[in-house]
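Report on the structure given below.
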Number of protein chains: 2
Amino acid sequence: MSASSVRDVALRAGVSVGTVSNVLNHPEKVSPAAVERVQRAIDELGFIRNDAARQLRNGRSRTIGMVVLDVRNPFFTDLARGAEDEAAGSGLTVTLGNSDENPQREATYLDLFEQQRVYGVVISAYADITERLTRLKQRGIPAVLVDRSSPDGPFSSVAVDDLAGGRLAVEHLMSLGRRRLAFVGGPMGIRQVADRLEGARAAVASHPDVSLEVIEIDALSVLAGRAAGADIVGRSPDERPDAIFAANDLVSMGLLQAFAMQGAGVSVPGQIALIGYDDIDFASAAVVPLSSIRQPSALIGKTAVEILLAEVENPDAPPHHVVFQPELVIRASTRG
Amino acid sequence: MSASSVRDVALRAGVSVGTVSNVLNHPEKVSPAAVERVQRAIDELGFIRNDAARQLRNGRSRTIGMVVLDVRNPFFTDLARGAEDEAAGSGLTVTLGNSDENPQREATYLDLFEQQRVYGVVISAYADITERLTRLKQRGIPAVLVDRSSPDGPFSSVAVDDLAGGRLAVEHLMSLGRRRLAFVGGPMGIRQVADRLEGARAAVASHPDVSLEVIEIDALSVLAGRAAGADIVGRSPDERPDAIFAANDLVSMGLLQAFAMQGAGVSVPGQIALIGYDDIDFASAAVVPLSSIRQPSALIGKTAVEILLAEVENPDAPPHHVVFQPELVIRASTRG
DNA sequence: TGGCGATGTTGAATCGATTCAAAGAAGAAC
DNA sequence: GTTCTTCTTTGAATCGATTCAACATCGCCA
């Protein structure tokens, strides 16, 4: 019934608690005979280490805290999976929190992780949390920002060049001969969104005959995309854009749903060419397979954890900044 | 730099550690003046409770461990979200683990949760883990099975009636006049898959003119669905089924991709009607919007946590078993 | 035989929050 | 002034794994 402790194991094996602990943590320091006896005692008693006690003593937990903007977005689950696999290699776990683009929730998770004295934090930030992260750092908890390039900031980051991504997307749309472009995304407070838009603007800047309308939405979700799409459908045909760059694939899927809806009858790519961002699995399975800007999601997560591990080893090293390049994936939604 | 403890707070506030602890946990037992002084000291020192120490003393953590078959399946993220929201109401957190339909990973997570002395476990089981769960229970850690009806088992469960779901799906396909049905799903070791198939078989049983072919796949993923779809496309047209019931929406999306692929040219629902299971958001955004069997995913998660909380209060109560009824959602893939 | 190094083992001290029996303070009642 | 209540506060003991200085043992060589 009651859990057994190292003391019970020691008693049973006829050794001291120190030896039991050594068997668990530094078996090379213990004689084979003792290891054997302790192992048997552990098995017989069904002893399981108490993590809380280990943590208390060690001062830090074996868990990495991760916060993402939206767990329902496959991009982030892929990211988390990459992080988890890398962490597992060092015997660490990942706790995944979902901020839902809500500063309140984001802060709550960071507080929680601080209470838990997590090993480190990997976060796709929404609000400006420099202050909180600084406090964590003072406590000895390093943080790595993901999906956000902040080459000047005090914290390490792993990101994809969203400016380049935005440029890629819009240049592709222009290469199709489209001239009345629109960007659908938001909230603009999200750095990634702002960067993608900025990249788009830069690409358009050198083409005086091309216009770029910005349609701001309040979340990067299928629902928000669908609502924006319904608005566009409601316009007279000549006021609609002839190509849309959506801030991510969920939004572009929502747009597509609105366009394909009975009675809407906006053809993609005929009337409107459509490109998204992230290249999630579902993008290729949409009504019209969606073009997208691919990010190496799992690799981003993996890299973030690698950096985190390095920072725990060497807390005073200057921040690392890794930037991956995105890749254009062309499918039916921008073809023909 | 170094974190401050209750001792530091007590010193600064000029009270004893007991009083500080009482302010944190039972403020009603402390005089307003003392509460005020302690609060100020906490703020000034930036004191943050050490969870490991609390846990060690309390014997159990404030985290619920959850294991699902596939985090990339929106059904499970919805489930997790429902659980998380309910848990938050009681000041609890949820750690989400992903077994990937892998008994090894599943076991690893359960071990980890046992080490962590989690508050309770919510699991969508893959392998037979009765033994492990029993051990957890002896340790005082209750478990609730989700997405699996086991009315006779020793553990509480929250599920959807998959037999009924299978029946619903197949009856719908038959009502369209289809006669050469196929079930695509697997591995059969997954109870939910087996139940859905059994429901399908039961529905077919009373229709001697209807056949049900079983196409077993090795994972419930888009990829596995696509592979199965390619096989079907490779058959001569008169050997193909005229309706398919897929074990979940990911599989049906994979099938659909294969059918819609250039050169495949299998029309849905013209040549093959297609219905999935779970009714994930993406199902309605597919090439052909997919019919499905809807499960109240968030509600399942929420209910599981409710039961868990009750079991911690009252460990000796007999297991609870909740079964929700699924719902048929008809879309273009089985229309016309 | 004594001395030295190498190798293994010991167990008290430690991490930090919580608990609870005991002591203290303030007030009420006689 | 004394006794009883009631309300607060105190601080040592506790949870369980880990650490590390001190101790024991053994073999080896001078």
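Proteins get letters first, then strands, A, B, ... in listed order; numbering begins at 1 in each.
- If A:R49 and B:E28 are placed on DNA chain D by their nearest nucleotide, the residue sitting closer to the 5' end is B:E28.
- A straight line from CD of A:Q115 to P of C:dA17 spans 11 Å, rounded to a whole angstrom.
- In this structure, B:D111 pairs ionically with B:R132, as a charged nitrogen and a carboxylate oxygen lie closer than 4.0 Å.
- Within the nucleic acid shown, A:V30 comes within 4.0 Å of sugar-phosphate atoms alone, with no base atom in reach, counting heavy atoms only.
- At a threshold of 4.0 angstrom between heavy atoms, the contacts of B:N25 are confined to the sugar-phosphate backbone, with no base atom among them.
- Take the nearest nucleotide of DNA chain D for B:K29 and for A:L24: the residue whose nucleotide is more 5' is B:K29.
- By the 4.0 Å N-to-carboxylate-O rule, B:E131 lies too far from B:R135 to be salt-bridged with it.
- Between the CZ atom of B:R7 and the P atom of D:dG11 there is a distance of 11 Å, rounded to whole Å.
- In this structure, B:L56 places its CG atom 13 Å from C1' of D:dA13, rounding to the nearest Å.
- With rounding to whole Å, A:Q116 atom CD is found 17 Å from C:dG16 atom P.
- The residues B:R105 and A:E84 are annotated as salt-bridged, a charged nitrogen and a carboxylate oxygen being separated by less than 4.0 angstrom.
- The base of D:dT18 is not paired with the side chain of A:R54 by any donor and acceptor separated by under 3.5 Å.
- Contacts of B:A34 with the nucleic acid, taken as non-hydrogen atoms under 4.0 Å apart, involve only primed sugar atoms and P, OP1 or OP2.
- The side chain of B:H26 places an N or O atom within less than 4.0 Å of a non-bridging phosphate oxygen (OP1 or OP2) of C:dT19.
- Taking atom CZ of residue B:R117 and atom C1' of nucleotide D:dG16, one finds them 9 Å apart after rounding to whole Å.
- For the residue pair B:E311 / B:S156, a side-chain donor-acceptor distance below 3.5 Å is found, with atom types taken as modelled.
- As rounded to whole Å, 7 Å separates atom P of C:dT18 from atom CZ of B:F47.
- Taking the charged nitrogens against the carboxylate oxygens, A:D100 and B:R81 do have a contact shorter than 4.0 Å, which makes a salt bridge.
- Using a 4.5 Å heavy-atom cutoff, the side chains of A:P27 and A:K29 are not in contact.
- Side-chain nitrogen and oxygen atoms of B:T19 include at least one within less than 4.0 Å of the OP1 or OP2 phosphate oxygen of D:dT10.
- With distances taken from any side-chain atom of A:V17 to the nucleotides C:dC15, C:dG11, C:dT9, the minimum falls on C:dG11.
- Base engagement by B:S21 is indicated by at least one non-hydrogen atom pair under 4.0 Å involving a base atom.
- Checking D:dT8, D:dT18, C:dA17 against every side-chain atom of B:S5, the shortest atom distance belongs to C:dA17.
- Distances were taken from every side-chain heavy atom of B:R57 (C-beta onward) to each of D:dA13, D:dG16, D:dT18; the shortest belongs to D:dA13.
- For A:S31, whose side chain is taken as the heavy atoms from C-beta onward, the closest listed nucleotide among C:dA17, D:dG16, C:dT9 is C:dT9.
- Rounded to whole Å, the distance from CG on A:N22 to P on D:dA22 is 17 Å.
- What separates CG of B:N50 from P of C:dT14 is a distance of 18 Å, to the nearest Å.
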